[in-house]
Participant: 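Quick one: the structure is below, and I'll ask about it shortly.
Start at 1 and go down the list; that is how both ligands and their atoms are numbered. For this chain, numbers begin at 1 and follow the sequence in order. These values consider heavy atoms only, across backbone and side chains, with no hydrogens, waters or symmetry-generated copies.
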Amino acid sequence: MTLNEIKQTATLLGMEPSRSLGQNFLFDQNLARWIVAQLEIAPGDHVVEIGPGLGSLTEHLVGVADSVTLIEKDDRIIDHLRARFASPTVEVIHGDAVTYDPRPLLGRGRLKIIGNLPYYVSTPIIARFADPLLAPAKLVFTLQRELAERLNARPRTKDYGAMTVCLGRRWAVQYLRTLPASVFYPEPKVESAIVALAPRARDAVPPCDDALFNRLVRGGFSERRKQLRKNLERVAPGPDWRALLHATGLPETVRAEELDLATWTRLARAADPSVAQLGEELFDVVDENDAVTGSLPRDEVHARDLRHRAIHVMLFNAAGEIFLQKRSIWKDRNPAQWDSATAGHVDAGESYEAAARREVREEIGVEIGALEPVCKLGSGAETGHEFLQIYRATHEGPFRFAPREVEGGWWFDVAHVRRWLAARPGDFTPIFRQAFPRVVGA
Ligand code: SAM
């Protein structure tokens, strides 16, 4: 949009740009095109624009992406956006991006997020949409320059902080370019910058307990001038931090800003007692009638495609919603796919039901009551040579997820999951694809 078009539209709508909504409208059309190009829109993409305003970026998205969701807080603009971009592929949501429930975005396509963000809420918006559960393929944001520099900072600089490290663990941040205030109407008081975020490949993210990692990083930076050890002793008392720093190869006088991402991860692993407990699992091996013939280590059972046993537990709440778990990116099988609330192997000497209760406890941290057996799937190649007992149970949550095993999970409307499964079966584990219709009906 040109400056004239922006001013005319604002006059037509009888509105003054709102400072409290962070309204600075972009009128450099080449720049708008360039920003949208950074999203690398491809067939199959569903693009979400945060804060479309009068449509400076939107006009380059609509008709290019397969479908578009616009999330705008200003009620003065909504009808205009709905009329200007009226199309079956465009949905305009009148709402606050900070508290927006992102679940409906799943199942619509490969997700990409864009926005010339309102600066007063950029940080919580980034936190909401750069979420491994949502897993957008790319995010492109215009931010206040200072924030962009913090996201992209190097260790031992003043900009390097908890946000740099926590976001950087899962997302590769690229500082693309600086923008002068003069490309916006009205001009903001600060410079801006464009950043792109892309998910880091799984090999670039060493496994650790993400919640513990974030706690340690936030605590470590809580008083920047203090030594890391003193901060950790205050915010996370208990472990012998002197010894843990030593085990991580760090001097005990080190400060938080001196640790790079890999070192923070090593420290979080050293501080995680459960890492040391990871032992070798033994599975019962069974014959074609599901009778036990012996027991062998997990890796051997999988490598030799031997028949063994597994369970899935589908959880429903009183509202009839189903809870889906997103498997962690580090799982050896079906990483980052959506699955039943709990899925797991039956250990040697264990019954199906005992395995189901144990897996629910270990993976999502709750005890369940009645377990209703729904069906048993056979042990062919399509089930990974597993006999699979599928259970149904009820629970209201909340859940506590096993670190490194589970990214997290959300409750979903059953009809939504049906549509999502039909549109994007590859988002789900092969077993879930088979079991879901058996549990909820085709
Ligand atoms: N995309 C437009 C452009 O480039 O010209 C507008 C960008 S302006 C910097 C930010 C936009 O975000 C405004 O339209 C504002 O009304 C909207 N906005 C402010 N707070 C919001 C929030 N919490 N959720 C969604 N939109 C918000």
Participant: Quick one: which ligand 1 atoms are inside 4.0 Å of a heavy atom on Phe25?
Facilitator: 5 (O), 6 (C)
Participant: Write out the residue and atom name of the closest protein heavy atom to atom 6 (C) of ligand 1, then the distance separating them to 0.1 Å.
Facilitator: Gly51 O, 3.4 Å
Participant: Evaluate Leu57 for polar contact with ligand 1, using N/O atom pairs at a separation under 3.5 Å.
Facilitator: no
Participant: Would you mind finding which of Met1, Lys73, Glu72 brings a heavy atom closest to atom 15 (C) of ligand 1?
Facilitator: Glu72
Participant: So for ligand 1, is Leu117 a polar contact partner (N or O within less than 3.5 Å, distance only)?
Facilitator: no
Participant: If I apply the N/O under 3.5 Å rule, does Ala97 come out as touching ligand 1?
Facilitator: yes
Participant: Distance under 4.0 Å to a non-hydrogen atom of Asp74: what atoms of ligand 1 satisfy this?
Facilitator: 16 (O)
Participant: So, Arg234 and Ser222: side-chain donor and acceptor under 3.5 Å apart, yes or no?
Facilitator: yes
Participant: Can you say whether the rings of His416 and Phe412 are parallel (under 30°), tilted (30 to 60°) or perpendicular (over 60°)?
Facilitator: perpendicular
Participant: Could you check which of Ser56, Pro124, Pro52, Pro188 puts a non-hydrogen atom nearest to atom 2 (C) of ligand 1?
Facilitator: Pro52
Participant: Find all atoms of ligand 1 within a distance of less than 4.0 Å from any non-hydrogen atom belonging to Asn116, and give their numbers and elements.
Facilitator: 3 (C), 4 (O), 7 (C), 8 (S), 9 (C), 10 (C)
Participant: I want to know whether Phe399 and Phe323 have ring centres closer than 6.0 Å.
Facilitator: yes
